[in-house]
Amino acid sequence: MTLKELIKNIKTLAVTGSTDKEITGVDIDSRQVSDGHLFVAMRGTQVDGHRFIGKAEEQGAVAIVCEDTPEEQKENVTYIKVASTQDAVGHVATMFYGNPSDKLKLIGVTGTNGKTTIATLLFDMFRKMGHRCGLLSTVCNYIEDEAIAADHTTPDAIELNKLLARMVDAGCEYAFMECSSHAIHQKRIGGLNFAGGIFTNLTRDHLDYHKTVEAYRDAKKMFFDMLPKGSFAVINADDKNGTFMVQNTKANVKTYSTRQMADFRARLLECHFEGMYLEIDGREVGVQFIGKFNVSNLLAVYGTAVCLGKKPEDILVVMSTLKSVSGRLQPVNSASGITAIVDYAHTPDALSNVLNAIHEVLNGRGKVITVCGAGGNRDKGKRPIMAQEAARQSDKVILTSDNPRFEDPQEIINEMLEGLSAQQRKKTLSIVDRKEAIRTAIMLAEKGDVILIAGKGHEDYQEIAGVKHHFDDREIVEEIFNE
């Protein structure tokens, strides 16, 4: 593809050099540049890509998109100056990979909780309905059966378009994608054509990055602002932010609710650890999930499938066969009658939802022991609130290490303890070693009790001082149960 074609959809301030040259690749990482590539100099939160323009040129870059052109310019390199490389990169990547989002129905899911569950269940559902599909999620990316490791909730713009192009080449009709607030704010999804979007809910998260709840909320809203005419937006009417998200959207808005009038409605009829019986839009269905929050997630899946033209009765038949996503309310049972539940809950709201779901099923017939921590180098404000939520709904709490990253895990636990009253501290233990914390919880449990191990879910590592060590909560539980 020629450089002229590649940059035709971006606003340029100045172009120095020829645009009649063939571009063989697009990169934002100078280490990946090779002969004939275009390098986009991004200003990241940690590093400024403009520092690596010289390195990209040495590697063979023949064109540079930048906000500040270098003082020393090479004769054989074309420099494209733009107001924002963050705005430009998505459009450049989309063009280079042949506008893949125009060739399939791309659905984006955003909100604090439920993104992974909803995107994954839509992927599973539409495959069961006979469609070829792709998935971009926190747990793993998929092109049909091919698993591709996921490093971020939403990949960078270039990797994203490359994956979407591979989905198109594989004959995919649909792609379901988690859209994180970081990705929306950093324009990683810029230039993509979404057929629809889903809003789940909004609670405190990522304030280490966004600084305020309002900025976090506004980042989510940007996604719905960019939805094109002819698309749809399925929003949670039970969340006060739902109507705010779509006040400027061009999309056709549909609502879902478990509590009030909406386009799609559901009611919980029965709940057991094996699953629930629901009424969705007047039809009854048995599902293999637990928790009122999962009623809401399943309703979002149902509403989206209806918006994509599927018949309600067909959707419910497939929905009854769907299984829980890895690391989301995942039970591990012992021979002695103790149930451990592994869940990714790492925000106060998510932790509250999971504990509510456990109590709905237990109904006072057993104790709840919660093992949880909080991530290092992330929003510190939620740490005491996490501890409060755990203590409020648990008979015993064990505060432990999560992914401490570059922080002292004991200091993180100390900050969590600050949220507890003297009475709550009496039922709380602090054990930095996560394996020992899990072992202690199992030793304290009796037949009929439930142990919630929260925070890491599907993750199979623990990040300490920049190093990822293998650690899987489910493996640890099974190992100790077998002992």
Side-chain angles (χ1 to χ4, degrees), residues 268 270-276 288-294 323-374 386-402 413 416-417 419-421 423-459 471-483:
L268 175 60
E270 285 183 42
C271 188
H272 313 277
F273 273 126
E274 294 75 33
M276 301 181 286
Q288 299 174 56
F289 298 82
I290 65 167
K292 287 179 181 173
F293 68 97
N294 267 327
K323 297 188 187 302
S324 179
V325 176
S326 175
R328 267 65 175 179
L329 267 175
Q330 199 163 22
V332 183
N333 296 304
S334 77
S336 57
I338 299 166
T339 299
I341 290 179
V342 174
D343 193 89
Y344 188 54
H346 60 284
T347 66
D349 181 61
L351 190 59
S352 175
N353 284 338
V354 172
L355 285 164
N356 278 332
I358 291 168
H359 283 292
E360 284 161 20
V361 179
L362 268 182
N363 199 22
R365 293 188 300 269
K367 298 194 303 295
V368 176
I369 302 169
T370 297
V371 179
C372 68
M386 289 280 288
Q388 284 168 17
E389 285 298 339
R392 188 173 63 85
Q393 296 197 65
S394 307
D395 297 282
K396 195 82 177 174
V397 177
I398 302 175
L399 299 180
T400 189
S401 187
D402 189 298
I413 291 172
M416 295 185 79
L417 284 166
L420 302 182
S421 66
Q423 194 63 34
Q424 288 172 328
R425 288 192 186 213
K426 287 179 182 177
K427 63 176 180 181
T428 303
L429 297 173
S430 300
I431 302 173
V432 170
D433 186 301
R434 192 174 180 90
K435 183 172 182 178
E436 286 309 307
I438 294 169
R439 187 187 300 279
T440 301
I442 291 170
M443 287 171 63
L444 291 171
E446 298 173 341
K447 184 178 180 180
D449 291 348
V450 175
I451 302 163
L452 171 62
I453 302 163
K456 293 178 61 57
H458 63 279
E459 292 178 351
F471 194 102
D472 187 317
D473 284 347
R474 291 160 299 180
E475 285 179 12
I476 298 297
V477 171
E478 287 170 357
E479 177 190 322
I480 297 169
F481 275 166
N482 289 334
E483 287 174 2

>> Closer than 3.5 angstrom, by distance alone: can the side chain of Glu389 be matched with the main-chain N or O of Pro348 as a donor-acceptor pair?
In response: no
Exactly one candidate in Thr428, Leu429, Thr440, Thr370 meets side chain to side chain contact (heavy atoms under 4.5 Å, CB included) with Lys396; the answer is Leu429
The side chain to side chain donor-acceptor pair (under 3.5 Å) partners of Gln288 (sequence neighbours excluded) come to Lys323
Applying side chain to side chain donor-acceptor pair (under 3.5 Å) to Thr400 and not counting sequence neighbours gives none
Closest heavy-atom pair, Ile338 versus Phe481, reported as atoms and distance to 0.1 Å, is O-CZ, 4.0 Å
Heavy-atom nearest pair, Val371 first then Ala441, reads CG2-CB, 3.6 Å
Between the SG atom in Cys271 and the NZ atom in Lys292, the distance rounded to the nearest 0.5 Å is 9.0 Å
CD1 (Ile413) and CG (Leu399) are apart, to the nearest 0.5 Å, by 6.5 Å
Strictly distance-based, threshold 3.5 Å: is any side-chain N or O of Arg328 a donor or acceptor partner for the main-chain N or O of Tyr344?
no
In short, Ala345 meets Val354 closest at the heavy-atom pair CB-CG2, 4.1 Å
Interatomic distance, OG@Ser334 vs CD1@Ile442, rounded to 0.5 Å, equals 8.0 Å
Heavy atoms of Asp402 and Lys456 approach each other most closely as OD1-CG, 3.8 Å
In this structure, CD1 of Ile358 is separated from CD1 of Ile290 (nearest 0.5 Å) by 6.5 Å
Any donor-acceptor N/O pair, Gln330 side chain to Gly327 backbone, under 3.5 Å: yes
* Go through the steps to decide whether Val450 and Phe273 satisfy the test side chain to side chain contact (heavy atoms under 4.5 Å, CB included), and finish with yes or no. => CA-CA 11 Å; Val450 175; Phe273 273 126; 3.7 Å; yes
In this structure, CG of Asn356 is separated from CD of Gln393 (nearest 0.5 Å) by 4.5 Å
| message | Please determine whether the number of non-hydrogen atoms from other residues, nucleotides or ligands lying under 6.0 Å from atom CD of Gln423 exceeds 12. | response | no
Notebook entry, point to check: Is it the case that more than 12 heavy atoms not belonging to Lys367 sit under 6.0 Å from its NZ atom?
Noted result: yes
Correct closest heavy-atom pair for His359 and Val368 would be CE1-CG2, 3.7 Å
Sequence neighbours excluded, the answer for side chain to side chain donor-acceptor pair (under 3.5 Å) partners of Asp473 is Arg434
Minimal heavy-atom distance between Leu329 and Ala357, with the atoms involved, is CD1-CB, 4.3 Å
I'd like to know if the side chain of Asp449 reaches the main chain of Glu446, judged simply by a donor and an acceptor atom lying under 3.5 Å from each other, with no hydrogens or angles considered.
yes
